[in-house]
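The analysis underlying the following values was restricted to heavy atoms, covering all of them including side chains, and did not include hydrogens, waters or symmetry mates. Keep in mind that what you see is a predicted model, and the values were worked out from it rather than measured.
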Amino acid sequence: MATTESKLTVAVSGSEEQFGQLDQGLRAWIVVFGAWCCLFCAFGWVNAIGIFQEYYQNNQLHSYSASSISWILSLEPFVLFAAGIVIGRVI
């Protein structure tokens, strides 16, 4: 039993040292800045959906009700965040 625990401890401590080296330097801060830029654009798009709905109601989709248009526009944030589950694993 002691050998299993010692192997587990070694494996965990080895991975901690490996990840500790990645969390520093200019490259790490560039990644943080890039992620912030992506989220800034994504949340800006989500917050502007109401403007797009008003435009669609007055122009292209004037024969449809507001609820019919709103469910279409509510799929945009869902796809935005659901794609992150898949893409986050790929990257």
Report yes if the side chains of Tyr56 and Leu73 come closer than 4.5 Å at any heavy-atom pair, otherwise no. yes
Going from CH2 on Trp71 to OH on Tyr64, what distance comes out if it is rounded to the nearest 0.5 angstrom? 10.5 Å
Rounded distance [0.5 Å steps], OG in Ser74 versus CD1 in Ile49: 8.0 Å
Look at atom CG of Leu39 and say whether more than 12 heavy atoms of other residues, nucleotides or ligands are closer to it than 6.0 Å. yes
Output the distance between atom CD (Gln57) and atom OG (Ser63), rounded to the nearest 0.5 Å. 11.5 Å
I'd like to know if the side chain of Ser68 pairs up with that of Ser65 as donor and acceptor (distance under 3.5 Å, no hydrogens or angles considered). yes
Rounded to the nearest 0.5 Å, how far apart are CH2 of Trp36 and SG of Cys41? 8.5 Å
Taking the side chain as every heavy atom from C-beta outward, state whether Tyr55 and Gln60 have any pair of such atoms under 4.5 Å apart. yes
Correct closest heavy-atom pair for Gln53 and Ala66 would be NE2-O, 3.2 Å
Taking atom CD of Glu76 as the centre, does the number of heavy atoms from other residues, nucleotides or ligands within less than 6.0 Å exceed 12? yes
Same cluster (ILVMFWY, side-chain, under 4.5 Å), Phe52 and Ile72: no
